[in-house]
Amino acid sequence: MKVFHTVDDARGFSLSERKAGRSVVFVPTMGALHEGHLSLMRRGKELGDTLVVSIFLNPTQFAPNEDLDKYPKTFEADLDACRGEGVAAVFAPSPSEMYPRGKDEQLSWVSVEKLSGGLCGASRPGHFKGVATVVAKLFNIVLPDVAVFGEKDFQQAVIIKRMVEDLNFPVRIETAPIVREPDGLAMSSRNALLTPKNRKAATAIFRSLREAARRVADGERDAAKLTMMVEEAIGASGGTVDYVRVVDTGTLSPLDVVEGEALLAVAAKYGDVRLIDNILLGAAG
Ligand code: PAF
């Protein structure tokens with residue numbers, strides 16, 4: 001497995017793979033890899049020839065008050081995990097390689113309007129501008145034919161799909177389902193930051209999402225009743241709800257009534273660890 005730290009080396013590798021007639025599949029990550037990331041890599045292997053993974057903890061998607069410094073860093077273990085999944089190349093640039101003038105001197109940004117303002121965008125202003133910009137940069141460096149994103153970050157996947165469509169990036173976006181711990185907690189690099197007590201308590205998130213999906217299957221259509229039930233369950237477990245919303249899966253607009261396809265999306269804090277999760281409801285579920 002090759003490990004590249006510079007833009008030129010990573011781009012050169014992709015160009016030579018493409019020239020040799022091999023398609024490039026890309027899984028962007030911020031490291032601290034877990035089974036969720038590995039499932040994206042496995043999906044990626046099914047979708048093309050040469051799998052490239054990036055490991056870059058992107059500073060522009062974290063606000064100054066957020067957990068950039070606390071974000072787990074496990075680089076050597078991440079490389080071993082990539083080797084184990086048959087990754088052809090890892091691109092692991094430094095912040096100065098990605099933002100040579102410094103992030104405050106980055107003057108060009110990708111902003112995917114409307115889709116970026118709600119859900120996580122409401123409590124993390126600027127977050128999706130940082131995400132869309134770094135993903136656009138990574139696409140221009142790795143030159144993938146296909147890129148794979150996880151459905152846990154549902155809003156992120158919708159935003160990236162729209163960016164690709166609006167800006168004519170020659171890349172196909174694929175998504176892969178959420179991977180869960182045996183007790184249902186969605187896998188996340190941030191789970192490692194939970195105290196044992198909060199780790200246990202946070203299982204209330206998925207239990208309540210599943211209960212909401214069950215109620216919808218039994219005929220409940222009132223989004224407010226569903227979100228209230230989830231909010232109460234998370235609150236009772238000791239979590240602090242950021243948002244619980246039923247939204248349209250395409251536009252991410254809030255829905256009052258669950259008809260056809262809908263997404264129930266949650267963000268909540270346990271201690272100072274912010275977790276997100278979601279579940280498809282109704283016809284989609
Ligand atoms: O989902 C993530 O890990 C990040 O937001 C991404 C897509 C790698 C961009 O930094």
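Remember, predicted model here, so these are calculated numbers, not experimental data.
Aromatic ring pairs are classed by plane angle as parallel below 30°, tilted from 30° to 60° and perpendicular above 60°; the pair F13 and F4 is tilted. Taking the six-membered ring where the residue is Trp, F139 and F169 present perpendicular rings, their angle passing 60° and hence far from 30°.
Counting all heavy atoms, side chain and backbone alike, G36 lies closest to M187 at N-SD, 4.0 Å. Between G150 and A157, the shortest heavy-atom distance links the atoms O-CB, 4.4 Å. Residues V158 and T249 come closest through the heavy atom pair CG2-O, 3.8 Å. Contact record, M41 with C82: CE-SG, 3.9 Å, taken as the closest heavy-atom pair. A233 approaches A204 most closely through the heavy-atom pair O-CB, 4.0 Å. Contact detail for D272 and K70: the closest heavy-atom pair is OD2-NZ, 2.9 Å.
Side chain of E97 to main chain of V7: a donor-acceptor pair is present (N/O by atom type, distance under 3.5 Å, no hydrogens or angles). Side chain of K73 to main chain of D69: a donor-acceptor pair is present (N/O by atom type, distance under 3.5 Å, no hydrogens or angles). Put simply, the side chain of T133 gets close to the backbone of V110: a donor and an acceptor are under 3.5 Å apart. Between the side chain of E85 and the main chain of K45, no donor-acceptor pair closer than 3.5 Å is present. The backbone N or O of A147 lies less than 3.5 Å from no partner atom in the side chain of R172, so there is not a single donor-acceptor pair. At distances below 3.5 Å, not a single donor-acceptor pair connects side-chain atoms of H5 with backbone N or O atoms of P93. Proximity of a side-chain donor or acceptor of T251 to a complementary backbone N or O of S253 within less than 3.5 Å is detected. For the pair D248 (side chain) and L255 (backbone), a donor-acceptor distance under 3.5 Å is absent. Counting only distance, with no hydrogens or angles, the side chain of E261 and the backbone of L263 share no donor-acceptor pair below 3.5 Å. Panel note: side chain D78, backbone M30; no donor-acceptor pair is recorded below 3.5 Å.
For E66, the salt bridge (charged side-chain N to carboxylate O under 4.0 Å, His left out) test picks out R124, with sequence neighbours left out.
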Exercise for the section: Please lay out, stage by stage, how L280 and E151 fare under the test side chain to side chain contact (heavy atoms under 4.5 Å, CB included). Expected result: CA-CA 10 Å; L280 290 168; E151 288 164 12; 5.6 Å; no
Problem - Chi angles and distances behind the side chain to side chain contact (heavy atoms under 4.5 Å, CB included) call for L79, V3 - result: CA-CA 9 Å; L79 292 183; V3 181; 4.1 Å; yes
Exercise for the section: For the pair K129 and S116, evaluate side chain to side chain contact (heavy atoms under 4.5 Å, CB included) and give the outcome as yes or no after the intermediate values. Expected result: CA-CA 8 Å; K129 189 171 111 179; S116 300; over 6 Å; no
Exercise for the section: Output, in order, the C-alpha distance, side-chain angles, deciding distance and verdict of side chain to side chain contact (heavy atoms under 4.5 Å, CB included) for K269 and D242. Expected result: CA-CA 7 Å; K269 271 189 166 181; D242 175 357; over 6 Å; no
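K137 has its side chain within reach of Y99: a pair of non-hydrogen atoms, C-beta onward, lies under 4.5 Å apart. The side-chain heavy atoms of S123 and R274, taken from C-beta on, include a pair separated by under 4.5 Å. Taking 4.5 Å as the limit, every side-chain heavy atom of V146 sits out of range of all side-chain heavy atoms of S23. When side chains are defined from C-beta on, V246 counts as touching L281, because their heavy atoms get closer than 4.5 Å. No side-chain heavy atom of I173 sits under 4.5 Å from any side-chain heavy atom of M163. Using a 4.5 Å heavy-atom cutoff, the side chains of V258 and E220 are not in contact. When side chains are defined from C-beta on, L119 does not count as touching F154, because their heavy atoms never get closer than 4.5 Å. Side-chain contact between R43 and V27 is absent, with no heavy atoms from C-beta onward closer than 4.5 Å.
Note on F128 and M98: same hydrophobic cluster, where clusters join Ile, Leu, Val, Met, Phe, Trp and Tyr whose side-chain heavy atoms are under 4.5 Å apart, directly or indirectly. In the hydrophobic cluster analysis, where Ile, Leu, Val, Met, Phe, Trp and Tyr join through side-chain heavy atoms closer than 4.5 angstrom, W109 is grouped apart from V131. Under the 4.5 Å side-chain contact rule for hydrophobic residues, V273 and L209 share a cluster. The same ILVMFWY cluster, assembled from side-chain heavy atoms under 4.5 Å apart, contains both V148 and L51. Transitive grouping of hydrophobic side chains (ILVMFWY, heavy atoms separated by less than 4.5 Å) keeps L47 and L138 in distinct clusters.
The only member of K152, R210, R190, R180 that meets salt bridge (Lys or Arg N to Asp or Glu O under 4.0 Å) when paired with D277 is R180. Among R221, R215, R214, the one residue that satisfies the salt bridge (Lys or Arg N to Asp or Glu O under 4.0 Å) test with D218 is R214.
Residue-environment remark: NZ (K200) stays at or below the threshold of 12 foreign heavy atoms within 6.0 Å. More than 12 heavy atoms of other residues, nucleotides or ligands sit less than 6.0 Å from atom CD of E46. Shown here is D256, whose CG atom has no more than 12 heavy atoms of other residues, nucleotides or ligands within 6.0 Å.
By the 4.0 Å N-to-carboxylate-O rule, R42 lies close enough to E35 to be salt-bridged with it. K2 has no carboxylate O lying under 4.0 Å from a charged side-chain N of D9, or vice versa, which leaves the two without a salt bridge. One finds a salt bridge joining R83 and D80 here, because a Lys/Arg side-chain nitrogen approaches an Asp/Glu carboxylate oxygen to under 4.0 Å.
Note that the OG1 atom of T29 and the CG atom of N58 stand 11.5 Å from one another [nearest 0.5 Å]. Atom CD of E113 and atom CD1 of I159 lie 11.5 Å apart (nearest 0.5 Å). The distance from atom OG1 of T50 to atom CZ of R22, rounded to the nearest 0.5 Å, is 5.5 Å. Considering CD1 of I205 and CG of L185, their distance stands at 6.5 Å, rounded to 0.5 Å. Rounded to the nearest 0.5 angstrom, L275 CG and S188 OG are separated by 6.0 Å. Between the CG atom in L57 and the CD1 atom in I55 there is a gap of 11.0 Å [rounded to 0.5 Å].
Under the 3.5 Å distance criterion, with hydrogens and angles disregarded, no donor-acceptor pair is assigned to the side chains of R207 and S237. For the residue pair Y270 and N191, no side-chain donor N or O sits within less than 3.5 Å of a side-chain acceptor on the partner.
For residues 230-265, there are no ring-ring contact (aromatic ring centres under 6.0 Å, His included) pairs, not counting sequence neighbours.
For the pair K161 and F149, the cation-pi test (distance below 6.0 Å, angle within 45°) is failed.
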